*Asks:* 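Submitted below is the structure of interest, expressed as structure tokens.
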Amino acid sequence: MSGPPIVKGTAAWRYFGDFRAGLMAGQVLVLQVAHPVVAAGVRDHSDYVEDPWTRLMRTAASLSIYIYGGPEGARYEADRLRALHREFTGVDADGRRYSALNPRAYAWVHATLVMVPVDTQRFYGKPMTASELDEYYAQMCDVGRLLGLRAQDMPPTWPEFERYYTEMIDGFGPNGTISTLFETIRTVKKPWRWLPDERWVRLQRWQHRGQMFVIRGTLPPALRERLGLQWTDRDQRRFDRFRAVVRVTGGLVPVTLRSSLVRRIGRLNVWFRAHPRAYRFLGGDNGPGSFRSI
């Protein structure tokens with residue numbers, strides 16, 4: 001299944017960079033590390049505990065290249081990530097050897113990113129139509145092939161993808177990496193050195209409560225229950241009111257502007273690829289969107 005190029009007006013162009021997708025960041029991280037191989041790789045190789053803000057920005061920069069950096073930029077980023085992930089191996093919680101390029105785990109990470117714009121619109125916007133979903137999924141399958149995913153790792157149609165996604169989540173439960181993620185959200189260090197410590201103490205409590213509330217509200221209910229996260233009828237009413245506010249305010253922004261920031265980041269990163277000295281001058285290490293770890 002091949003989709004149209006990702007150009008202005010197509011489904012991936014319209015929805016992938018929607019600024020409201022930032023509200024899904026915590027949920028997608030939980031879903032990714034719920035996979036045992038991903039959990040082991042993050043535990044052994046990720047720097048998100050020490051510097052979650054930088055890791056989040058690197059991830060956003062990398063993703064922007066796939067969708068808004070053009071075919072050449074997407075191929076370059078895909079090759080770079082695959083080369084980087086070959087280094088990430090180890091032993092998982094059950095004593096089995098793992099590789100970050102394990103096909104099923106690699107496909108699962110891609111699947112969670114495929115679902116982010118869909119969930120963003122479902123929770124905070126206007127749900128995609130059936131035809132938009134078909135076009136969007138075909139385009140994201142093309143991105144998956146650039147990443148090196150095999151045909152058998154990507155369900156051929158959107159309805160089959162939805163079934164696969166649900167079945168994967170049904171097999172997940174608590175693990176140590178999820179617990180560490182929740183603890184990191186609670187104790188995360190301030191994003192800027194100049195921010196006064198006493199102000200960050202208050203902001204930290206607020207961001208923890210807000211992050212966990214949105215994570216609990218957007219996680220699939222069965223997984224939320226298995227993770228021991230409480231969710232009451234009152235919580236649901238509060239979340240519905242929050243969603244309504246985001247939906248209304250976000251709807252006031254023209255469609256072409258909702259993804260404008262991420263589109264600019266994608267184009268900027270492609271420019272940095274062509275001018276690596278400029279990136280290094282600004283303090284970059286391994287290139288735009290780079291990860292020291294997954």
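Keep in mind that this is a model prediction, so the values were computed, not measured. For the numbers below, each heavy atom of this structure counts, side chains included, while hydrogens, waters and symmetry mates do not. For this chain, numbers begin at 1 and follow the sequence in order.
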*Asks:* List the residues meeting ring pair (Phe, Tyr, Trp, His ring centres under 6.0 Å) with Phe182, not counting sequence neighbours, and say none if there are none.
*Replies:*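 If we apply the ring pair (Phe, Tyr, Trp, His ring centres under 6.0 Å) test to Phe182, skipping adjacent residues, there are no hits.
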*Asks:* Can you check whether Phe213 and Trp231 have ring centres sitting under 6.0 Å from each other?
*Replies:*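 Yes, close enough.
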*Asks:* Does Arg226 qualify as a cation-pi partner of Phe172, given the criterion of NZ or CZ under 6.0 Å from the six-membered ring centre and within 45 degrees of its axis?
*Replies:*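 Arg226 over Phe172 ring: no.
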*Asks:* Who are the ring pair (Phe, Tyr, Trp, His ring centres under 6.0 Å) partners of Trp194, not counting sequence neighbours?
*Replies:*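 With sequence neighbours excluded, Trp194 shows a ring pair (Phe, Tyr, Trp, His ring centres under 6.0 Å) to Trp192, given in chain and number order.
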*Asks:* Please confirm whether the ring centroid of Tyr15 lies under 6.0 Å from the ring centroid of Tyr136.
*Replies:*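 Between Tyr15 and Tyr136, the centre distance exceeds or equals 6.0 Å.
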*Asks:* Which atom names give the shortest non-hydrogen contact between Gly217 and Phe239, and what distance separates them?
*Replies:*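 Of all heavy-atom pairs spanning Gly217 and Phe239, the closest is O-CE2, 3.5 Å.
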*Asks:* Where do Arg258 and Val253 come nearest, in terms of heavy atoms and distance?
*Replies:*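 For Arg258 and Val253, the tightest heavy-atom pair comes out as NE-O, 2.9 Å.
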*Asks:* Say you draw a straight line from OG1 of Thr129 to CG of Leu133; how long is it, rounded to the nearest 0.5 Å?
*Replies:*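 Taking OG1 in Thr129 and CG in Leu133, the distance rounds to 6.5 Å.
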*Asks:* Test side-chain hydrogen bond (donor to acceptor under 3.5 Å, both in side chains) on Gln139 and Thr10 and set out the steps.
*Replies:* CA-CA 9 Å; Gln139 291 176 307; Thr10 61; 3.2 Å; yes
*Asks:* Verify whether one side chain among Thr180 and Glu183 offers a donor that lies under 3.5 Å from an acceptor in the other.
*Replies:*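 Looking only at side-chain atoms, Glu183 and Thr180 do not form any donor-acceptor pair under 3.5 Å.
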*Asks:* Salt bridge or not for Arg237 and Asp240, using N-O below 4.0 Å?
*Replies:*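 Result for this pair is no, no salt bridge flagged.
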*Asks:* Do Trp108 and Tyr165 have ring centres separated by under 6.0 Å?
*Replies:*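 Judged by ring-centre distance (under 6.0 Å), Trp108 and Tyr165 do meet the cut-off.
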*Asks:* Hey, could you give me the CE/NE2 distance between Met140 and His110, rounded to the nearest 0.5 Å?
*Replies:*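 Met140 atom CE to His110 atom NE2 measures 5.0 Å (nearest 0.5 Å).
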*Asks:* If we ignore angles and hydrogens, is there a donor and acceptor under 3.5 Å between the side chains of Thr232 and Asp235?
*Replies:*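 Note: Thr232 and Asp235 side chains meet the donor-acceptor criterion.
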*Asks:* How many angstroms lie between OG1 in Thr120 and CE in Met24, if you round to the nearest 0.5 Å?
*Replies:*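 Taking OG1 in Thr120 and CE in Met24, the distance rounds to 5.5 Å.
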